[in-house]
**Student:** 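Before I ask anything, here is the structure I am working with.
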2 protein chains.
Amino acid sequence: MAAQRPRRQPTLDEVAERAGVSRSAASRVINKAPHVSRATRDAVERAIKEMGYLPNRTARALATQQTGIVALAVSHDDPELFADPFFAQVIVGVSAALEETDLHLLLCLASSGRGRSRLTNLLHTRGVDGIMLMALHGDDPLTHIARRAGLPTVYGGRPLNFEPQWYVESDNLGGARLATEYLISLGRTRIVTIAGPMSTDVGRARHRGYREAMIMAGLTPYATAEGDFTETGGAAAMKTLLDSHPDLDAIFAASDNMAAGALRVLLDAGRSVPADVAVVGFDDLGIAERTDPPLTTVHQSVQALGKEMTRMLVELIAGHEPPSIILPTKLVLRDSA
Amino acid sequence: MAAQRPRRQPTLDEVAERAGVSRSAASRVINKAPHVSRATRDAVERAIKEMGYLPNRTARALATQQTGIVALAVSHDDPELFADPFFAQVIVGVSAALEETDLHLLLCLASSGRGRSRLTNLLHTRGVDGIMLMALHGDDPLTHIARRAGLPTVYGGRPLNFEPQWYVESDNLGGARLATEYLISLGRTRIVTIAGPMSTDVGRARHRGYREAMIMAGLTPYATAEGDFTETGGAAAMKTLLDSHPDLDAIFAASDNMAAGALRVLLDAGRSVPADVAVVGFDDLGIAERTDPPLTTVHQSVQALGKEMTRMLVELIAGHEPPSIILPTKLVLRDSA
DNA sequence: GTCCAAACTGGAAGCGCTTCCAGCGATGTT
DNA sequence: AACATCGCTGGAAGCGCTTCCAGTTTGGAC
């Protein structure tokens, strides 16, 4: 058996000939355009069925100037970062939304310079109809690339270097506030936070939520240590906090990963959770259920994020101007607080 | 600000005109074809630079009959299944390999009937140059879809309903044997296995490795319970085994997820690991380091799997006939055995 | 029976690129 | 000096589809 080479598919011309009509008539039938008589439609449809005709995507794309493909670009320095279940969830959401359209998903892990230039090229050569951008830290080069391309663009989470017109994000501020208020309602007062990187909007928003809740309650934000959203980072931050503020009685961690790291350090230090120290995380992407004790956390629906991004992009491509969206978050109570 | 509509890009004709040469000459320069004089090349290259020209992907695709896109299709009934870090790792590997080519990645989560018919359509409309298939159970409809399409196809792991000519897989048989032999070398004799679904090649191969190792050592395969590769499934299988063979002294689990589930059940049952019962898993995708105790397991390089699949597909598209590949696995010693 | 609008039709011109081929002048051979 | 050879060139024919437009047919109104 030889390598499978593409079989030749019938063309529109052949269909038209078989049906005894012109190519334009056949095209009209296929695109369900008006001005087609019953007889013509039937003849063409029969020919299509008999020949197993399917229109060539590329040819159609060239004629219509629409590729039928949208890109999801993920920025990540470290390939491992993509292994975060967060991305898998986004992709599931995006795919679900795309199933209701004729669009397909092109996934771009634009890490290295090479990856970025490939993405730039893809956009400028009109390889896709639109683009979704995820996980942008500080001033990610991807934002510039996307803006220069002049294609419909939707952001998942806001970048820090400018205010995009179209984005979808979880209510980070509200979620953080919710978490902190809950800790306060438990009677805790020496509440510290393990924040995300201040070079990201997510990190800043969740930190602001913590501060606002504390101040609203008449408490002073007790202490902050910055992490990088990872478990290791969370553990390191926890150690710092335990050193500087040994009397802390609650922690709001800006991600479950960091909360998991903190949990470990706390137990190692002999503190019991939640008795001595209450812990609340953020994300609720599976890890939260598996920590010991299971983590009380702020739930965000990442699949919904992907879905809404996609819907928004579809609207943009259709020439509409949908509003940006902020998705609600909610507190999920488990055992750590 | 209005929705960003694609800007008009310069065309090859415009470049040629500016350079004062014919379109064919300009095309030759761009494609680094022979028969181009120094003067022509310089003129065209200057024009390209000045106008910021980039060839239109779709037009080129139509002329060359090559889209520059390959599909990675993942079969999954449950969207959650895609959240398994396994897929993320495959994608990272695939992306890394694609960076060395001009190809882009189209991701297809072909779950529902709708998803599958979209994939079928994509293939038959020549939307991609080749396809990689993952995670095929039993007789997955995707195999038929792929075969009928007549496009270069590479399988990640072998499907069960036929023997594909091009596939990449981890050495499941060898890895399982390795794990079992190790348990035997520890002096264990009442070794049971929590197998993967017998409706998958992976499940069968790993089970066969266990049996072979036992028999080679003069032991009888002590007991088997079938799981579904998930933690819950592993826990259930463990309970069954503990009931039927309370004196078991070692377990080979065909996935780390199942091993993790088993571990929990064992500890709940008051068995200590590894003192009373030794446990070895399979996969080593991060979970293994986080169980309690950390899991001794068979490591497979999933990124390498993705990379090799991609390289193989690239070869196929180029018209070559590369050999199939079996990737080595290795035992990683931690604390559970 | 005439006339007009509406419905349909096919020809032709794109979409932007690659590639074949005949033609050209400039070299190198006897 | 005549000839074949070579490298280069631009014209033209695709790739397979959409869509505009002018022309033809049809049916209904008068």
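Every heavy atom of this structure was used, including side-chain atoms; hydrogens, water molecules and symmetry mates were not. Numbered from 1 within each chain, the chains take letters A, B, ... in sequence-line order.
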**Student:** Can you find a heavy atom in the side chain of B:L122 that is under 4.5 Å from one in the side chain of B:V128?
**Tutor:**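 The answer is yes; the side chains approach within 4.5 Å.
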
**Student:** Scan B:S37 against the nucleic acid and name what it touches under 4.0 Å (heavy atoms): base, sugar-phosphate only, or nothing.
**Tutor:**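 Touches sugar-phosphate only.
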
**Student:** How far does OG of A:S301 sit from CG of A:L327, to the nearest 0.5 angstrom?
**Tutor:**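 The OG atom of A:S301 sits 7.0 Å away from the CG atom of A:L327.
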
**Student:** Would B:R147 and B:F162 count as a cation-pi pair here, with the cationic atom under 6.0 angstrom from the ring centre and within 45° of the axis?
**Tutor:**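 The answer is yes, since B:R147 meets both limits relative to B:F162.
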
**Student:** To the nearest 10 degrees, what angle separates the axes at the start and end of the helix from C:dG1-D:dC30 to C:dT30-D:dA1, five pairs each?
**Tutor:**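 Axis angle across the helix from C:dG1-D:dC30 to C:dT30-D:dA1, nearest 10°: 50°.
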
**Student:** With a 4.5 Å limit on heavy-atom distance, are the side chains of B:Y167 and B:T153 in contact?
**Tutor:**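 No - every pair of side-chain heavy atoms lies 4.5 Å or more apart.
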
**Student:** Go through the structure and list residues passing side-chain contact (heavy atoms from CB on, under 4.5 Å) with A:E14, not counting sequence neighbours.
**Tutor:**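 With neighbours one apart ignored, the set is A:R8, A:P10, A:T11, A:M51.
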
**Student:** Please check if the number of heavy atoms outside B:E17 that lie under 6.0 Å from its CD is greater than 12.
**Tutor:**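 It does not: B:E17 CD has 12 such atoms or fewer within range.
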
**Student:** For B:R114, which residues count as a salt bridge (charged side-chain N to carboxylate O under 4.0 Å, His left out) partner, sequence neighbours excluded?
**Tutor:**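 Salt bridge (charged side-chain N to carboxylate O under 4.0 Å, His left out) list for B:R114, sorted by chain: empty.
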
**Student:** Can you list the steps and then say if B:L106 with A:L105 is a side-chain contact (heavy atoms from CB on, under 4.5 Å)?
**Tutor:** CA-CA 6 Å; B:L106 193 121; A:L105 174 64; 5.8 Å; no

**Student:** Under a 4.0 Å threshold between the charged nitrogen and the carboxylate oxygen, would B:R46 count as salt-bridged to B:D42?
**Tutor:**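 Salt bridge flag = no for B:R46 with B:D42.
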
**Student:** Taking 5' to 3' order, which nucleotide of DNA chain C is first and which is last to have an atom within less than 4.0 Å of a heavy atom in chain B?
**Tutor:**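 Result: C:dG16 to C:dC20.
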
**Student:** Nearest heavy atom decides the nucleotide; on that basis, is A:I30 or B:A25 closer to the 5' end of DNA chain D?
**Tutor:**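 So the residue in question is B:A25.
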
**Student:** Determine whether B:R126 and A:R57 make a side-chain contact, defined as any pair of heavy atoms from C-beta on separated by less than 4.5 Å.
**Tutor:**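 Not touching, per the 4.5 Å side-chain cut-off.
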
**Student:** May I ask you to list the residues of residues 43-65 of chain A, by number, that have any heavy atom positioned under 4.0 Å from an atom of DNA chain C?
**Tutor:**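 The answer is A:L62, A:A63, A:Q65.
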
**Student:** Scan residues 10-22 of chain A against DNA chain D and write down, sorted by residue number, each residue with any heavy atom closer than 4.0 Å; if none is found, say none.
**Tutor:**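 Under 4.0 Å from DNA chain D: A:T11, A:L12.
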
**Student:** Hey, is B:R311 close enough to B:E315 for a salt bridge, meaning N to O under 4.0 Å?
**Tutor:**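 Result for this pair is no, no salt bridge flagged.
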
**Student:** Counting N and O atoms only, with roles assigned by atom type, does the side chain of A:R118 sit under 3.5 Å from a partner on the main chain of B:L103, one being a donor and the other an acceptor?
**Tutor:**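 Side chain of A:R118 to backbone of B:L103: a pair is present.
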
